[in-house]
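Quantities reported herein were computed from a predicted structural model and do not represent experimental measurements.
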Amino acid sequence: MLSLPFNLSWSVILIGTILLYGISRAAQYYQDRRSTSFLPGMVFLASNFSLPGALLPGSDWIPGLIVNWKWRHTMYKASPIDMTSILGVFTGHPVLMTNSPEVSKQILGNKAPFDKFQESVNSFAAFGENVFATMQEDWPRHRKAVAPGFNGRLYASVWNETVNTYYDCMATEKWEKEPEFIMPAVPAVTSKFALYLIAKCGFGIHLAWNEDVSERIKGMSLPECFDVTSRSILFLAFLPHWTYRLPIPALRRLFEAINVLESILQGIIDTRRIAGASNDSESKDIFSLLLAANEREKGSKGALSDRELVSNVFILLLAGHETTSKALAATLGELACHPEYQQRAYDEVVAVIPHGKDPTYDDCDRLQFVQGCFQEGLRMYPPALTTFRRPVEDTILQVPNKQGVSVPLQVPKGQAIAIDVCGIAYNDRVYLDPYTYKPERWLDPATEPLLAFSYGSRVCIGRRFTMVETTAVIALLIRDYKMEPVLQEGQTVEQWLGMGVVRFSSVWSRTGPWFSKDTGSWFGPGSGPVQDRSRTGPGPVLGLLENISIKL
């Protein structure tokens with residue numbers, strides 16, 4: 001048996017080790033409290049800026065990925081200012097969270113002394129740096145390379161393709177001749193719609209509604225690869241890439257999806273080069289315009305490598321798909337519950353668009369209330385809840401208190417600060433009556449702009465793409481149909497809506513194909529038509545986002 005020096009017993013060693021660990025953790029916890037200025041906040045076993053804190057389901061012990069959605073009612077109540085803290089007792093970087101747009105603009109503004117965390121960059125850089133996943137010093141090069149893909153010609157094409165896809169969807173699903181039908185899985189339809197628009201306007205791949213997207217490599221198609229990688233953000237952020245080769249099915253599938261996706265996108269690049277990518281006089285899709293612009297930069301410091309080009313295309317796919325599909329589904333759910341807003345949107349559509357005509361891109365910015373309907377859905381159900389930043393030097397932020405008066409807050413270099421997009425959306429100092437769906441608030445130019453698309457120089461380059469697409473979809477649907485929620489026996493609209501709000505978060509990671517026992521159909525990107533069969537099963541699974549009755 002192993003002997004111990006100084007006649008110590010193993011029990012003494014164990015107790016001493018535990019005591020030393022406890023002292024070290026207590027000291028670290030005090031340091032974390034100090035770095036967050038001793039602000040009142042929430043304490044968990046791990047902070048939300050850690051793999052266990054973000055990956056494990058949210059509870060009283062673990063914050064979870066959507067901590068600011070789950071606790072949005074009470075998160076800032078104990079703090080005297082629009083800032084709170086989240087601390088981990090055992091692990092995780094201490095986090096300051098703010099629900100103030102004023103503070104967010106200080107952090108995101110031009111030349112602000114803040115930058116991203118390397119973990120945040122890693123999470124969106126499966127193939128390398130891109131316009132979203134890059135540190136501040138290298139960001140201008142990516143922005144310059146990507147910008148040519150977004151212009152007026154593109155947006156006119158987005159509008160036209162949205163109209164075409166709308167009619168294709170209605171005809172394929174056999175909804176166009178029905179006086180009434182049930183859309184049984186709204187997020188499945190909006191997800192597929194958004195992905196097909198990206199295929200057409202992003203890559204120039206023209207598809208019918210019942211076609212799969214792109215070729216298959218090793219049994220995986222482009223949307224399947226995209227779905228796997230987009231749902232693995234946390235793994236991409238915190239796990240080293242060599243772990244993808246471990247004999248763990250989920251990691252192996254992620255490894256295969258990354259490789260296949262890169263192969264598909266590289267193949268598109270090679271094909272376009274052979275066809276003559278430098279001539280973009282007829283090109284309208286983002287990929288062709290981006291590739292052509294990059295070819296003209298060859299040999300200069302501003303040119304992107306093929307891998308960087310692939311990475312930029314991937315992030316544009318992810319951002320465009322997530323923002324559009326989820327917020328659009330939520331908007332349709334809210335409109336189904338508010339016939340007065342449907343009527344107001346309809347009145348605007350028929351006033352702007354001549355009878356019997358389809359809307360054109362020139363009509364887009366005249367449909368202000370229709371755009372407000374989507375902006376309000378995006379405010380209430382933001383697809384991206386949090387944006388992390390860190391100061392690159394000790395700095396002072398001016399943080400509003402509950403009365404809107406700014407007070408100084410010292411923030412040490414390297415401290416994690418989370419811009420709480422959800423918290424801003426539900427801050428009653430910023431948006432009056434924030435828990436009520438009010439599209440008319442966006443007709444007031446004094447309304448605080450949405451931070452769902454970020455702010456400052458790094459504002460989302462795909463914002464216009466999203467607004468054009470969603471405006472066209474809502475205008476067409478409102479023009480042709482009325483929407484109502486499908487209620488269970490004895491259920492009120494308020495109960496249906498409340499159930500949907502509670503369950504909304506369960507949809508955020510669910511963007512791929514799935515089978516509905518309720519209809520006996522597959523739904524989601526690349527799954528073919530959404531079949532409208534007789535409903536014999538139980539009530540809706542996702543409340544707000546499913547089972548909308550649509551009538552002429």
Are [X] and [Y] packed together at the side-chain level, in the sense that at least one heavy-atom pair is separated by less than 4.5 angstrom?
{"X": "Thr98", "Y": "Tyr76", "result": "no"}
{"X": "Asn48", "Y": "Phe388", "result": "yes"}
{"X": "Trp442", "Y": "Leu450", "result": "yes"}
{"X": "Asp480", "Y": "Trp175", "result": "no"}
{"X": "Ile424", "Y": "Ser104", "result": "yes"}

*Would you check, one step at a time, whether the test salt bridge (charged side-chain N to carboxylate O under 4.0 Å, His left out) holds for Lys70 with Asp60?*
CA-CA 11 Å; Lys70 181 176 181 179; Asp60 290 339; 5.5 Å; no
*Could you grab the distance from atom CG of Leu367 to atom CD1 of Ile353, nearest 0.5 Å is fine?*
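Interatomic distance, Leu367 CG to Ile353 CD1, rounded to 0.5 Å: 5.5 Å.
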*Could you state the interatomic distance from CG (Leu397) to CD (Glu102), rounded to the nearest 0.5 Å?*
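With rounding to 0.5 Å, CG (Leu397) is 12.0 Å from CD (Glu102).
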*Around Lys174, counting heavy atoms of other residues, nucleotides and ligands shown, do more than 12 lie under 6.0 Å from its NZ?*
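Open.
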*asked:* With a sphere of 6.0 Å drawn around OH of Tyr346, does it hold more than 12 non-hydrogen atoms of other residues, nucleotides or ligands?
replied: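 Count not over threshold, so no.
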*Among Asn164, Thr165, Asn160, find the one that has a side chain to side chain donor-acceptor pair (under 3.5 Å) with Lys200.*
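With Lys200 as partner, side chain to side chain donor-acceptor pair (under 3.5 Å) holds for just one option, Thr165.
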*Step through it carefully: locate the ring centre of Phe181, locate the ring centre of Tyr481, and say whether they are under 6.0 Å apart.*
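Yes.
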_As a quick check of understanding, evaluate salt bridge (charged side-chain N to carboxylate O under 4.0 Å, His left out) for Arg366 and Asp363, giving each step before the final call._
CA-CA 5 Å; Arg366 298 169 63 198; Asp363 300 318; 3.4 Å; yes
*Please confirm whether Arg72 makes a cation-pi placement over Tyr426, using NZ or CZ under 6.0 Å from the six-membered ring centre and within 45° of the ring normal.*
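Arg72 over Tyr426 ring: yes.
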*Answer yes or no on whether Arg441 is positioned over the face of Tyr431, meaning its NZ or CZ is under 6.0 Å from the six-membered ring centre and within 45° of the axis.*
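No cation-pi geometry.
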